[in-house]
Amino acid sequence: ARLWAANHGSNPRVVRAAPTPADTAAGLPGVLVEVLGTYQNLTSRETEGVDLGLNYRVPVTPIGRFTLNSALTYASNIRTNDEKGNVTQLIRNNGDPRVKATGGVSWQWKNWGAGVQERYTSDYGISAAYNSRAGDPWIMEPYWVTNANVAYTFRSGPFRGLRVRVGANNVFDEAPP
């Protein structure tokens with residue numbers, strides 16, 4: 001309301017419907033239709049680190065084919081430089097952990113498939129939450145989440161080519177740290 005009043009009832013980036021008589025009587029500008037928001041990148045972000053990935057497809061066995069996969073991201077540096085030249089280190093801040101990793105195994109046999117994936121996130125600080133009056137940032141402890149799925153692929157009939165997959169995230173119902 002203050003911005004609207006400061007701009008004498010208008011803002012070229014805000015699109016509103018014509019005010020109804022009730023809006024006019026209440027001193028309101030009309031229903032908000034759209035805000036023409038354009039993202040402006042006012043700071044630069046620099047990242048340094050390593051991404052590793054490994055996928056291995058096991059030779060076919062009598063009970064099907066297994067695929068092992070893993071991925072790891074290690075961030076050695078994440079920093080922003082604002083328009084005034086201030087540098088902010090983001091590693092372990094604002095939801096930017098140093099390490100993220102996944103690992104899993106999938107299985108396929110005839111029309112059936114299944115998979116289990118484990119996801120790891122290392123600790124990080126949350127700058128918008130504090131755990132003391134001294135202003136210490138809240139630290140999100142490292143956590144693991146396990147996801148699983150089962151799938152069936154139709155290879156003939158009217159549903160040929162259709163794959164139905166049912167999965168569950170956080171199968172062990174782990175509470176957030």
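The structure presented is a predicted model; accordingly, all values stated were derived computationally and were not measured.
Separating the CG atom in Leu90 from the CZ atom in Arg45 is a distance of 5.0 Å, to the nearest 0.5 Å. Atoms OG and CD1, on Ser122 and Ile91 in that order, are 8.5 Å from each other to the nearest 0.5 Å. With rounding to the nearest 0.5 Å, the separation of OG1 in Thr43 from CG in Asn86 is 11.0 Å. Between atom CZ of residue Arg98 and atom OH of residue Tyr124 there is a gap of 15.5 Å, rounded to the nearest 0.5 Å. The distance from atom OG1 of Thr153 to atom CZ of Arg163, rounded to the nearest 0.5 Å, is 5.0 Å. The distance from atom OG1 of Thr121 to atom NZ of Lys100, rounded to the nearest 0.5 Å, is 5.5 Å.
Tyr152 and Ile63 fall within the same hydrophobic cluster, where Ile, Leu, Val, Met, Phe, Trp and Tyr residues are linked whenever their side-chain heavy atoms come under 4.5 Å apart, directly or through other members. Under the 4.5 Å side-chain heavy-atom criterion for ILVMFWY residues, a single connected hydrophobic cluster contains both Leu72 and Tyr120. In the hydrophobic clustering of this structure, Val150 groups with Leu162; members are Ile, Leu, Val, Met, Phe, Trp, Tyr whose side-chain heavy atoms approach within less than 4.5 Å, directly or through other members. Trp112 and Val105 fall within the same hydrophobic cluster, defined by Ile, Leu, Val, Met, Phe, Trp and Tyr side-chain heavy atoms under 4.5 Å apart, directly or through other members. The same ILVMFWY cluster, assembled from side-chain heavy atoms under 4.5 Å apart, contains both Val99 and Trp144.
In this structure, the side chain of Asn149 does not engage the main chain of Val166 through any donor-acceptor pair within 3.5 Å. No donor-acceptor distance shorter than 3.5 angstrom exists from the side chain of Arg165 to the backbone of Gly113, with no hydrogens or angles considered. No donor-acceptor distance shorter than 3.5 angstrom exists from the side chain of Thr88 to the backbone of Thr80, with no hydrogens or angles considered.
Nearest heavy-atom pair, Glu34 versus Leu36, reported as atom, atom and distance to 0.1 Å: OE2-CD2, 3.4 Å. Listed here is the closest heavy atom pair of Val116 and Thr146: CG1-CG2, 4.0 Å. Taking all atoms of both residues into account, the shortest heavy-atom contact from Ile139 to Gly125 is CD1-CA, 3.9 Å. Ala75 and Pro97 make their closest contact through CB-O, 4.3 Å (heavy atoms, listed as atom of the first residue, atom of the second, distance). Across all their heavy atoms, Arg16 and Gly30 have their closest contact at NH1-O, 2.7 Å. Closest non-hydrogen pair, Asp96 versus Ile78, comes out as CB-CD1, 4.1 Å.
In this pair, Trp109 and Trp107 present their aromatic rings parallel. The plane angle is below 30°, not in the 30 to 60° band.
Looking at Arg92 and Asp123, their side chains come closer than 4.5 Å, going by heavy atoms from C-beta outward.
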Throw together a table of side-chain donor-acceptor distances under 3.5 angstrom for residues 51-58, partners on residues two or more places apart or in other chains.
from: Asp51; atom 1: OD1; to: Thr73; atom 2: OG1; distance (Å): 2.7

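Take Ser44 and apply the side-chain hydrogen bond (donor to acceptor under 3.5 Å, both in side chains) test, not counting sequence neighbours, and it matches Asn81.
Surrounding CD of Gln108 are at most 12 heavy atoms belonging to other residues, nucleotides or ligands under 6.0 Å away. More than 12 heavy atoms of other residues, nucleotides or ligands lie within 6.0 Å of CZ in Phe154, so this atom counts as buried by the packing criterion.
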